[in-house]
Peer 1: 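Pasting a structure below so you can have a look.
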Amino acid sequence: MTTQERERETAGRGRVEGVRTVFSGIQPSGDVQLGNYIGAIKGWVDRQEEKENYFCIVDLHALTVPQDPEELRFQTRSLAAMLFAAGLDPEKCTIFVQSHVTAHAEACWLLNCVTPIGWLERMTQYKSKAENQETISTGLLDYPVLMAGDILLYDAHEVPVGEDQRQHVELARDIAQRFNRIYGDTFVVPEGVIPEIGGRVMGLNDPSVKMSKSHAHIRGHAVRMLDDPKEIERSIKRAVTDNGNEIRFSDDPERAGVNNLLGIFKVLTGLDEAAVEAEFANARGYGDLKSRVAEVVIDALTPIRQRHEELMQDVDALDRLLEVGAERAEAVAGPKLDAVKELMGLTLTKR
Ligand code: AMP
Ligand code: TRP
């Protein structure tokens, strides 16, 4: 489709008949870890053929907590390289940096004005992030409205994310519905798509907390996507388990460590639960389990790490890909934003 056709199609609701639009985002802060891959990126790659896809590197979201400017710049490129290295195809997906498309910040303001502040104060991620900050930025509270804008500008039907983002996607739905009620049918009400297994990969050092980028520097917490095989093996071998020896899926919190390792194994091998348990029927304790899990993680991540290294050697090529992505995103988000502004009474001449 040409850009003009795209613009025409997207000024209203729904684009190419029958094709579902997917939007998701990931922050360029901290090291991308296995939970990001299993909970989000892998699903994006696996399903990129079927849909119209937008994947956004959300640098404006990263700014909601303090960032070093040079480090943020580096992480933004590194994350772009990671998404391409993981298998997202720039022919099939629009991959871009959030701040390169100004419609996102503008949409956030417009949506702020229809979002009751109580909705934001209730968000569990805000509450837990705010606990650890000396000063809390207004951006941190407003974070889910920026995210709602991201999604709604593209009329996304599906938002594939990990479990921790469920509440934010729900909020985006609430905001869309409220806007539609006030101004008339404008936004598609999006749905969160959360993997059944792998939606919440837990910390290796503490299986009661989710594996997270912000803790990825803590030894033994995470497998980082760019860790070399030795490091991956070391982290997995050190993973906290329990005193038993049964290698079964379980929702017993006491057995969360083993369950987590099995979940990782399941997603990366594509086997079902019964087949995974059968794989370990003759295992000699958790040592065997850990070796096998380390093996499949290393097999999955090694080609990604190598490709990432290659891509990072040609920053200009990477930046060009992101420029093309931003142009394509702008062609969709720009007209949508104009339509919203007009509805809200901001455009003096009506079309
Ligand atoms: P973030 O690291 O917050 O930018 O998250 C990017 C994507 O990865 C989001 O869809 C998250 O829900 C997902 N994600 C982050 N950590 C995990 C985890 N431990 N398990 C599963 N998904 C995760
Ligand atoms: N808040 C999400 C996270 O930290 C990232 C994000 C920003 C996002 N905008 C989005 C995810 C839009 C899905 C859709 O994981």
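Counting from 1, the numbers follow the sequence of the chain as shown. Just so you know, these numbers use all the heavy atoms, side chains as well, and skip hydrogens, waters and symmetry mates. In each ligand, atom 1 is the first atom listed, and ligand 1 is the first ligand listed.
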Peer 1: For Val201, is at least one N or O under 3.5 Å away from an N or O on ligand 1?
Peer 2: yes
Peer 1: Identify, for atom 5 (C) of ligand 2, the protein heavy atom at the shortest distance, and state residue, atom and that distance.
Peer 2: Gly25 O, 3.5 Å
Peer 1: Return yes or no for this condition: an N or O of Tyr143 is under 3.5 Å from an N or O of ligand 2.
Peer 2: yes
Peer 1: Would you please indicate if the ring centroids of Tyr154 and His104 are separated by under 6.0 Å?
Peer 2: yes
Peer 1: Given that the side chain starts at C-beta and the backbone is N, CA, C, O, which of these parts of Ile151 lies under 4.0 Å from ligand 2, counting heavy atoms, or is it both or neither?
Peer 2: side chain
Peer 1: Salt bridge check: are Lys341 and Glu106 linked by an N-O gap of less than 4.0 Å?
Peer 2: yes
Peer 1: With a 4.0 Å cut-off on N to O distance, would you call Asp319 and Arg77 a salt bridge?
Peer 2: yes
Peer 1: Taking heavy atoms and a distance under 4.0 Å, where does Gln27 meet ligand 2: side chain, backbone, both or neither?
Peer 2: side chain
Peer 1: Ligand 1 and Asn36, any nitrogen or oxygen pair closer than 3.5 angstrom?
Peer 2: yes
Peer 1: Flag Ser212 as yes when one of its N or O atoms lies below 3.5 Å from any N or O atom of ligand 1, and as no otherwise.
Peer 2: no
Peer 1: With a 4.0 Å cut-off, would you call Glu273 and Lys266 a salt bridge?
Peer 2: no
Peer 1: Give me the residue, atom name and distance of the protein heavy atom closest to atom 9 (N) of ligand 2.
Peer 2: Asp150 OD2, 2.7 Å
Peer 1: Within a strict 4.5 Å, meaning less than it, do heavy atoms of the Pro229 and Arg305 side chains meet?
Peer 2: yes
Peer 1: Would you call Arg320 and Glu323 a salt bridge, taking side-chain N to carboxylate O under 4.0 Å as the test?
Peer 2: no
Peer 1: For Val161, which part has a heavy atom under 4.0 Å from ligand 2: side chain, backbone, both, or neither?
Peer 2: side chain
Peer 1: Looking only at protein heavy atoms, which one is nearest to atom 2 (C) of ligand 2, and how far off is it?
Peer 2: Gln165 OE1, 3.3 Å
Peer 1: Side chain or backbone of Met202 under 4.0 Å from ligand 1, or both, or neither, by non-hydrogen atoms?
Peer 2: neither
Peer 1: Compute the shortest N/O to N/O distance between Ser24 and ligand 1 and return yes if it is under 3.5 Å, no if not.
Peer 2: no
